[in-house]
Amino acid sequence: MRLDDFDNDINVEDQRGQSFGGGGGGGGLLLGLLPLIGSRFGCGGIVVVLLIFAVFGGLGNIGGLLTGGGQAPTTQTQRSGAGGGTGAAAACSVDAATRSTCNAFSSAENTWEQLFAQSGERFQAPKLVFYGGRGMSGCGAAMSAMGPFYCPSDQGVYIDTSFFQELEQKFRAAGDFAQYYVVAHEFGHHIQTLTGASEQVRRAQSRASEAEGNELSVRLELQADCYAGVWAGQNRSRLEQGDIEEGMRAAQAIGDDTLQREAQGRVVPESFTHGTSAQRQAWLRRGLESGDPAVCDTFSGAI
């Protein structure tokens with residue numbers, strides 16, 4: 001996908017090189033803990049932390065993309081240490097992966113700002129935060145095992161670019177558009193914060209059963225997939241041959257059914273929190289083909 005260089009006025013923070021105290025283990029959660037995690041976080045309204053359910057065994061960092069990073073808990077914390085940096089010019093020029101992430105983030109910001117303006121709505125841009133291994137967000141600790149995620153407390157998209165290596169090498173979802181899909185999905189969670197969808201789901205989950213909470217999480221994640229497609233559809237002229245296929249391979253690789261089948265040899269539909277491979281592909285394609293956010297109503301009817 002041919003993207004312009006990032007705008008220098010995007011809000012970027014670089015935590016790489018900083019040290020952070022505290023924290024706990026982040027990877028290696030057993031699949032058997034998924035129902036417990038879903039019960040404690042899904043029905044409690046913490047949609048984003050559900051991403052951790054996929055961070056077990058050899059699956060490594062795919063947890064973040066599963067939820068699209070989702071949205072983390074909202075406990076406020078403070079950063080400590082020195083190093084890193086702020087500002088797009090410095091933070092986005094560290095390496096090729098960082099630059100491409102900034103290019104996608106900047107494109108998504110421009111696209112959604114225009115869409116909001118067209119509908120007469122006020123747009124507020126999120127920030128992009130790079131971290132390496134361990135960082136800190138307004139929602140708590142950021143760890144590589146979490147993968148990319150969105151924090152509603154500080155409206156930040158958090159990315160450790162090493163995740164893209166996992167995506168390519170372990171999950172055979174290579175290509176620039178596969179990576180852009182990750183960024184656009186996380187940006188989609190920010191759109192849900194602006195529209196109020198995330199808060200509505202959080203409130204509904206606080207009153208829901210575990211199964212009902214999981215279904216609401218699935219619908220929220222599929223909408224973020226659709227929003228990622230909307231971004232791509234709005235920039236269709238920039239797509240290159242093979243881009244759509246790259247996105248579909250990535251969406252297929254991170255479906256709940258595919259991950260569970262590969263991890264444990266069986267599928268537990270009632271524990272799904274992000275949607276099947278087919279559902280994720282379908283909603284990504286729906287947004288891409290239309291370029292219209294109005295088609296992304298995953299909360300009405302069947303999904």
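The figures here come from the full heavy-atom set of this structure, side chains too, leaving out hydrogens, waters and symmetry mates. Just so you know, residue 1 is the first one in the sequence shown, and it goes up from there.
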Please lay out, stage by stage, how Glu212 and Arg207 fare under the test side chain to side chain contact (heavy atoms under 4.5 Å, CB included). CA-CA 9 Å; Glu212 292 169 338; Arg207 304 185 300 269; over 6 Å; no
What disulfide bond (SG atoms under 2.5 Å apart) pairs are there with at least one residue in residues 207-303, not counting sequence neighbours? Cys226-Cys296
Holding to side-chain hydrogen bond (donor to acceptor under 3.5 Å, both in side chains), I want the full list of residues that pass it with Arg172, two or more places apart in sequence or in another chain. none
Could you check whether any side-chain N or O of Ser206 sits under 3.5 Å from a backbone N or O of Arg203, counting only pairs where one atom can act as donor and the other as acceptor? yes
Are the side chains of Glu121 and Leu115 in contact, using a 4.5 Å heavy-atom criterion? no
Shortest non-hydrogen contact from Tyr181 toward Ala228: CD1-CB, 3.9 Å
Nearest 0.5 Å please: distance from the CG atom of Asp243 over to the CE atom of Met248. 11.5 Å
Distance col, row Ser198:OG vs Leu220:CG, nearest 0.5 angstrom, shows 5.0 Å
Could you check if a side-chain atom of Ser107 sits within less than 4.5 angstrom of a side-chain atom of Asn235, using non-hydrogen atoms only? yes
Salt-bridge contact Arg238-Asp4 (side-chain N to carboxylate O under 4.0 Å): yes
On a heavy-atom basis, the closest approach of Glu199 and Arg202 is OE2-NH2, 2.7 Å
Arg285 atom CZ: more than 12 heavy-atom contacts under 6.0 Å: no
With sequence neighbours left out, write down each residue that passes side-chain hydrogen bond (donor to acceptor under 3.5 Å, both in side chains) with Asn11, or none if nothing qualifies. none
The single option from His189, His190, Gln155 that satisfies side chain to side chain donor-acceptor pair (under 3.5 Å) with Tyr150 is His190
Between the side chains of Asp95 and Thr98, is a donor N or O closer than 3.5 angstrom to an acceptor N or O? yes
Would you call the rings of Trp112 and Tyr227 parallel, tilted or perpendicular, where under 30° means parallel and over 60° means perpendicular? perpendicular
Looking at every heavy atom in both Ala251 and Gln281, which two are closest together, and how far apart are they? CB-CG, 3.8 Å
Hydrogens and angles aside, do Ser100 and Asp176 bring a side-chain donor and acceptor to less than 3.5 Å of each other? no
Roughly how far, to the nearest 0.5 Å, is OG1 of Thr273 from CG of Leu216? 12.0 Å
Rounded to the nearest 0.5 Å, what's the gap from CD on Gln234 to OG on Ser237? Could you check? 10.5 Å
In Å, rounded to the nearest 0.5 Å, how long is the span from NZ of Lys127 to CZ of Phe105? 10.5 Å
Show every donor-acceptor pair shorter than 3.5 Å between a side-chain atom in residues 286-293 and any protein atom, with sequence neighbours excluded, or say none if there are none.
from: Ser290; atom 1: OG; to: Arg286; atom 2: O; distance (Å): 3.0
from: Ser290; atom 1: OG; to: Asp292; atom 2: N; distance (Å): 3.2
from: Asp292; atom 1: OD1; to: Ala294; atom 2: N; distance (Å): 3.0

Taking the side chain as everything from C-beta on, heavy atoms only, tell me whether Gln200 gets closer than 4.5 Å to Thr195. no
Any donor-acceptor N/O pair, Asp256 side chain to Thr276 backbone, under 3.5 Å: no
Keeping the roles fixed (side chain from Asn8, backbone from Ala88), state whether a donor-acceptor pair exists under 3.5 Å. no
Leu3 side, atom CG; Cys102 side, atom SG - distance, nearest 0.5 Å: 12.0 Å
For the residue pair Tyr158 and Tyr131, does the interplanar ring angle fall in the parallel (under 30°), tilted (30 to 60°) or perpendicular (over 60°) class? tilted
Flag, side chain of Gln252 to backbone of Ser277, donor-acceptor distance under 3.5 Å: no
Kindly state each residue pair satisfying disulfide bond (SG atoms under 2.5 Å apart) with at least one member in residues 161-211, sequence neighbours excluded. none
Indicate yes or no: at least one non-hydrogen side-chain atom of Ser271 is less than 4.5 angstrom from one of Gln260. yes
Please report the shortest heavy-atom distance between Phe163 and Gly147, naming the atom on each side. CD1-CA, 4.3 Å
Heavy-atom nearest pair, Ala224 first then His185, reads CB-CE1, 3.5 Å
Go through His274 and Ile254 one step at a time and tell me if the side chain to side chain contact (heavy atoms under 4.5 Å, CB included) criterion holds. CA-CA 9 Å; His274 306 92; Ile254 58 169; over 6 Å; no
Under the 3.5 angstrom rule, does the side chain of Asp7 hit a backbone N or O of Asp9 as a donor-acceptor pair? no
If you measure only the distance, is there a donor-acceptor pair under 3.5 Å linking the side chains of Ser144 and Asp160? yes
Under 3.5 Å, side chain of Arg219 to main-chain N/O of Thr298, donor-acceptor pair present? yes
Count I, L, V, M, F, W, Y as connected when their side-chain heavy atoms are under 4.5 Å apart, and connections chain through other members. Are Val230 and Leu194 then in the same cluster? yes
Do the non-hydrogen side-chain atoms of Ile244 and Phe177 ever get within less than 4.5 Å of each other? no
Treating Glu240 as the side-chain partner and Met1 as the backbone partner, does any N or O pair qualify as donor plus acceptor under 3.5 Å? yes
So do Ser217 and Val201 actually touch side chain to side chain, heavy atoms under 4.5 Å? no
Contact summary for Gln205 and Gly213, nearest pair of heavy atoms: NE2-O, 2.8 Å
Non-hydrogen side-chain atoms of Phe164 and Thr101 separated by less than 4.5 Å: yes
In the structure I gave you, are the side-chain heavy atoms of Gln223 and Phe299 within less than 4.5 Å of one another anywhere? yes
Determine whether Val295 and Ile191 fall in the same hydrophobic cluster, where Ile, Leu, Val, Met, Phe, Trp and Tyr are linked whenever their side-chain heavy atoms lie under 4.5 Å apart. no
Are Leu239 and Val182 linked, directly or through other ILVMFWY residues, by side chains that come within less than 4.5 angstrom of each other? yes
Would you sort out whether Ser137 and Val129 count as a side chain to side chain contact (heavy atoms under 4.5 Å, CB included), showing the intermediate values? CA-CA 9 Å; Ser137 76; Val129 183; over 6 Å; no
Worked verdict on Arg99 versus Asp5 for side chain to side chain contact (heavy atoms under 4.5 Å, CB included): CA-CA 8 Å; Arg99 177 173 289 275; Asp5 288 340; 4.1 Å; yes
Just by modelled atom types, is the Phe116 backbone N or O under 3.5 Å from a matching donor or acceptor in the Ser119 side chain? yes
With a 4.0 Å cut-off, would you call Glu245 and Arg249 a salt bridge? no
Check side-chain contact (heavy atoms from CB on, under 4.5 Å) between Val218 and all other residues, then give those that pass, not counting sequence neighbours. Leu222, Phe272, Gln279, Ile303
